[in-house]
J.: 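This is the structure, below, for whatever I ask next.
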There are 2 protein chains.
Amino acid sequence: MSVRRESNTEARGPSARARGLTHRHPSEVPLQDALDAVADPVRRTILRELAGRPDWTRACGTFDLPVSKATRSHHFAVLRAAGLIEQRDEGPRRFNRLRRAEFDQAFPGLLALVLAERV
Amino acid sequence: MSVRRESNTEARGPSARARGLTHRHPSEVPLQDALDAVADPVRRTILRELAGRPDWTRACGTFDLPVSKATRSHHFAVLRAAGLIEQRDEGPRRFNRLRRAEFDQAFPGLLALVLAERV
DNA sequence: TAAAGTGTTCGATGGAGGTCGACCACATGA
DNA sequence: TCATGTGGTCGACCTCCATCGAACACTTTA
């Protein structure tokens, strides 16, 4: 293995921003928090859009939402605290991943209801 | 068919109170309403207590809830509108039934999460 | 260094809904 | 007819949270 330059974050470790990124595993999330998270229509839109693309391909700003970026940031924080998404910084952008398997094991069927919703 | 007196409500038809009882089938309930209904801890307590007894054996006043009867009445109305319970008047009391099968068909897994919650 | 792009934090605001007391409606029994 | 018990309705209150603009922090690039 040579000493070639790495361009991803793994080689450099977490950035200053990513250091403050706290995640919670779905198994540690109370049902109350999970229900509160999915009870909001904007957050359900985020989840559905996230499910339609491969993991780590959607930055927070790329979602089509009828709210300001401050509100948007708030919603992503709630989803993260509810164990519904995982986030990773890449340069100035924050990419997202839907925690399908983990969340479905903790709350079977709940995420499926959200993703099946026809808006 | 003779003209003998009937003592149950079916023979006399719905009482004056029951006439104003509007139910909604779970299949007609939007996901938003279903999630809002189960997102409240008092309502989840009602659902769990209801699941622990046979159908039509629990009147509204027999539930152990930390709220006034006005609030209690409000919660039962929300659960009814969400297709989670069915109500039937018997004398001055209003008995309840959990709409397990119907609701589970409309929102698979959701009610199970509520009933499995350990308080 | 400066500028542009992305995202968070802060403080304030508004609305939705949970809560209550009081009163009302209905059924039952004395 | 009256009293009692059950439950709903009404109006008011209050808390929580979604929302926003503004300011800030970090990264990248010119």
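Note that this is a predicted model, so its numbers are computed, not measured. Chain naming here is simple, since letters A, B, ... match the order of the sequence lines and numbering starts at 1 in each.
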J.: State whether A:R43 places a side-chain N or O below 4.0 Å from either non-bridging phosphate oxygen (OP1 or OP2) of D:dA18.
T.: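 Indeed, a polar side-chain atom of A:R43 lies that close.
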J.: When we call it a touch if two heavy atoms are under 4.0 Å apart, what does A:A59 touch: a base, just sugar-phosphate, or nothing?
T.: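 Result for A:A59 = sugar-phosphate.
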J.: To the nearest Å, give me how far apart CZ (A:F76) and P (C:dG7) are.
T.: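 Going from CZ in A:F76 over to P in C:dG7 covers 8 Å.
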J.: Between C:dG7 atom C1' and A:K69 atom NZ, what is the distance in whole Å?
T.: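 To the nearest whole Å, that distance equals 7 Å.
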J.: Mind calculating the distance between CG (A:N96) and C1' (C:dT8) to the nearest angstrom?
T.: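 Taking atom C1' of C:dT8 as the reference, CG of A:N96 is at 14 Å.
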J.: How long is the line joining NE2 of B:H74 and P of C:dG17, in whole Å?
T.: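 It is 9 Å, rounded to the nearest whole Å.
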J.: What is the separation between atom CZ on A:R44 and atom C1' on D:dA18, rounded to the nearest whole Å?
T.: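 The distance from CZ of A:R44 to C1' of D:dA18 comes to 14 Å, rounded to the nearest Å.
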J.: When we call it a touch if two heavy atoms are under 4.0 Å apart, what does B:D36 touch: a base, just sugar-phosphate, or nothing?
T.: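 Nothing, no heavy atom under 4.0 Å.
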J.: Given side chains that start at C-beta, do those of B:D40 and A:L35 come closer than 4.5 Å, heavy atoms only?
T.: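 A side-chain contact under 4.5 Å is absent here.
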J.: Is it true that B:E117 and B:R43 make a salt bridge, defined as a side-chain N closer than 4.0 Å to a carboxylate O?
T.: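 Between B:R43 and B:E117 there is no salt bridge, as every charged N stays at least 4.0 Å from the carboxylate O atoms.
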J.: Under 4.0 Å: is that the gap between some side-chain N or O of B:H75 and OP1 or OP2 of C:dT19?
T.: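 Indeed, a polar side-chain atom of B:H75 lies that close.
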J.: Take the protein atom CG of A:L79 and the nucleotide atom P of C:dT8, then report the distance between them rounded to whole Å.
T.: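 Those two atoms, CG and P, are 12 Å apart.
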J.: Specify the closest pair of heavy atoms between A:R72 and A:G61, including all atoms of both residues, with the distance to one decimal.
T.: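 Smallest heavy-atom distance, with atoms named: NH1-O, 3.9 Å.
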J.: Between C:dT19, C:dT8, D:dT19, which nucleotide has the shortest distance from any of its atoms to the side chain of A:Q87?
T.: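 The answer is C:dT8.
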J.: Would you say a side-chain N or O of A:R94 is under 4.0 Å from OP1 or OP2 of C:dT8?
T.: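 So the side-chain polar atoms of A:R94 do come within 4.0 Å of the phosphate oxygens OP1 or OP2 of C:dT8, strictly under.
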J.: Report yes if at least one side-chain N or O of A:S68 is closer than 4.0 Å to OP1 or OP2 of D:dT19; otherwise report no.
T.: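 It does not, given that no N or O in the side chain of A:S68 lies less than 4.0 Å from OP1 or OP2 of D:dT19.
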J.: Is a side-chain N or O of A:R100 found less than 3.5 angstrom from the main chain of A:A51, in a donor-acceptor match?
T.: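 Side chain of A:R100 to backbone of A:A51: a pair is present.
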J.: Tell me which nucleotide among C:dT8, D:dT28, D:dT19 gets nearest to the side chain of A:P92.
T.: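 From the listed options, D:dT28 comes nearest.
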J.: Of B:P66 and A:R80, whose closest DNA chain C nucleotide lies nearer the 5' terminus?
T.: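 Per heavy-atom nearest nucleotide, the more 5' residue is A:R80.
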J.: Can you tell me the distance, in whole Å, between the CG atom of B:D33 and the C1' atom of C:dG17?
T.: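 These atoms are roughly 14 Å apart.
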J.: Any side-chain heavy atom of A:H75 sitting closer than 4.5 Å to one from A:L65?
T.: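 Result no, sub-4.5 Å side-chain heavy-atom pair not found.
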J.: Whole-Å distance between D:dC20 P and A:L65 CG?
T.: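 Roughly 11 Å, once rounded to whole Å.
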J.: Would you please confirm or rule out a distance under 4.0 Å between OP1 or OP2 of D:dG5 and any side-chain N or O of B:R93?
T.: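 No.
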J.: Is the distance from OP1 or OP2 of C:dT19 to the nearest side-chain N or O of B:T71 less than 4.0 Å?
T.: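 It does not, given that no N or O in the side chain of B:T71 lies less than 4.0 Å from OP1 or OP2 of C:dT19.
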J.: Among the nucleotides D:dC10, C:dT19, C:dG7, which one has an atom lying closest to any side-chain atom of B:A70?
T.: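 From the listed options, D:dC10 comes nearest.
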